[in-house]
Amino acid sequence: MADGTMTATFLAVTGGASLLAVTARRLRPSGRLPSLEGWALADRSLGPVWTWFLLGGTIFTAYTFTAVPGLAYGNGAAAFFAVPYTVIVSPLAFVLLSRLWTVARAHGYITVADFVRGRYGSPPLALVVALTGILATMPYLALQLLGIRAVLTAGEVYPRGAAGDLVMVALFAGLAVATYRHGLRAPTVISALKAVAVFVSLTAVTWLVLERLGGPGAVFDGAARRLGGDALALTPAQQPAYATLALGSALALMMYPHVLTAGFAADGPRTLRKVAVALPAWTGLLALFGVLGFAALAAGVRAPEGGAEAAVPMLVDRLMPGPLAGLVFGAITVGALVPAAVMSIAAATSFVRNVYVEYVHPTATPKRQVRIAKAVSLIAKAGAVAFVFGLRDQDAINLQLLGGVWILQIFPAVAVGLFTGRLHPRALLAGWGVGMAAGTYLVVREGFSSIVGFGSGPLEIYAGLAALLLNLIVAVAGTAVLERLGVPRGADLTDLPSRLTVRRRPETGANQQ
């Protein structure tokens, strides 16, 4: 049975998140009429502090905080690819998000597919960008629920059977109602509680665990004995996989709709650049979670077979006093609610802007667009709950691995398109198709492993990066062929340079005032 004080603390943290969500309407209230920009992007009004909370809370998900230490628990040093991966995200966000924000604000774009539509004048290319984002987001959303369930099960707060399912539904119900009413403002205010709870609880847990286990040296020595050999250091054969996984994951992350939605909600490009510089604070947090995976090994924690992500929650439950354990479990649970809400908003907005309005109801009023987006966001959350209850955990993990490979295939259309419009939209479509097919084949061939081998060595690299390389080759070669044949392209409405040059643009938004 769960400790009473632990349960009380857990309920206090999650209940506090629900109460905060109710106050979301007070976050920079707007007197404007209902609009998709207001609901999905909080009227692009978030300053540096709120944007740091939201963007960090969206990028660093609850499943990340359980999967990384779980990977360290089972595989050793390879798990720490997440540290350079999230470090690489910062300069990418500094350049890409600020530039995307400027273009989106100038032209009223709400989704990245809107940008692609304006840049290339190609509705089919915009459609595949939107659908790829939705397809990659849904299993990611389901993984947030798996992270919650792993934490609650380890802390014996998740009852077996129907009672446990009701706990999960109740946790998600409050989030669904708040998001439905207040849009992106709801996860924004919850992200502040997430940051405080996670930073405070993890600092305390790490200090206590290291003290009880005899310090960092004892932790690493104990982990090495359990893992055997040199598992705490990368072998030369592992280094290409480690490096390409870190780079490919960072490039993919910047293409996910939920990350771009959080970025578009900032009040200006200067805000985004400030936030990008401060994002590594979250990376330090992630590194500490990875160390706790080694601590679980040193402490002799026996995670269930196939459930290494439960190692750290089990360690916390074993070594920590009830109130602190409840704080950790509550922090990780709230940590899942923020990205889950933003993911559902991003998926709903992409559907409304780039499917519903483009192909079903082009004359839909702003009020109707908001109403449809709210309904779709609820359906997305309900679908994620049904997915978790109806399929094996491994199915969601496998689909999320594929999702990372898939979302990377829109990188040429989006990121490259920010700096050059030379690539032909039909060539980009062909490259996307080749990348999707090749990436899916490579991952499935390896038994749903994102690391694939090439050659007799073999050389092991990230499947998504290999597929992206094929994608780019097809896009560049296809552009050359189509230009030679004189195939016309759509009109570019973005005012961006057509060649690979970077022009300084004036700051827009609140930062000019």
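In this structure, Phe264 and Thr111 have side chains that are not in contact, with every pair of non-hydrogen atoms separated by 4.5 Å or more. A 4.5 Å side-chain heavy-atom check between Tyr85 and Leu253 finds at least one atom pair inside the cut-off.
With sequence neighbours left out, Thr132 forms a side-chain hydrogen bond (donor to acceptor under 3.5 Å, both in side chains) with Trp432. Taking the salt bridge (Lys or Arg N to Asp or Glu O under 4.0 Å) definition, one finds that Arg44 meets it with Glu37, sequence neighbours left out. Under the ring-ring contact (aromatic ring centres under 6.0 Å, His included) criterion, Tyr180 pairs with no residue at all, not counting sequence neighbours. Annotation: ring-ring contact (aromatic ring centres under 6.0 Å, His included) contacts of Phe220 (sequence neighbours excluded): Phe294. Qualifying side chain to side chain contact (heavy atoms under 4.5 Å, CB included) partners for Thr203, counting only residues two or more places apart in sequence or in other chains: none. With sequence neighbours excluded, no residue forms a side-chain hydrogen bond (donor to acceptor under 3.5 Å, both in side chains) with Thr244. Remark: Tyr441 engages Arg445 in a side chain to side chain contact (heavy atoms under 4.5 Å, CB included) (not counting sequence neighbours). By the side chain to side chain contact (heavy atoms under 4.5 Å, CB included) test, Glu446 is found to be paired with Ser449, Val452, residues two or more places apart in sequence or in another chain being considered. For the side-chain hydrogen bond (donor to acceptor under 3.5 Å, both in side chains) test, no residue two or more places apart in sequence or in another chain qualifies with Thr51.
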Result block: side-chain N/O donor-acceptor pairs under 3.5 angstrom for residues 205-213, not counting sequence neighbours:
unit_1 : atom_1 : unit_2 : atom_2 : d
Thr206 : OG1    : Leu202 : O      : 2.8
Arg212 : NH1    : Leu319 : O      : 2.2

Side-chain donor-acceptor contacts of residues 335-347 below 3.5 Å, not counting sequence neighbours, with atom names and distances?
unit_1 : atom_1 : unit_2 : atom_2 : d
Ser344 : OG     : Ala341 : O      : 2.8
Ser344 : OG     : Lys381 : NZ     : 2.8

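Closest non-hydrogen pair, Pro323 versus Thr9, comes out as O-CG2, 3.3 Å.
Across Val13, Val334, Leu54, a single residue satisfies side-chain contact (heavy atoms from CB on, under 4.5 Å) together with Lys194, and that is Val334. Among the candidates Leu227, Leu232, Val219, the single residue satisfying the side-chain contact (heavy atoms from CB on, under 4.5 Å) test with Leu297 is Leu227.
Among residue pairs with one or both ends in residues 269-289, those qualifying as ring-ring contact (aromatic ring centres under 6.0 Å, His included) are Trp52-Trp282, Phe60-Trp282, Phe65-Phe289, Phe199-Trp282; sequence neighbours excluded.
Defined by atom type and a distance below 3.5 Å, a donor-acceptor pair is present between the side-chain atoms of Trp406 and Thr440.
No donor-acceptor distance shorter than 3.5 angstrom exists from the side chain of Trp101 to the backbone of Leu272, with no hydrogens or angles considered. Side-chain atoms of Thr86 come within 3.5 Å of backbone N or O of Val83 as a donor-acceptor pair. At least one donor-acceptor pair under 3.5 Å links the side chain of Tyr73 to the backbone N or O of Ala303.
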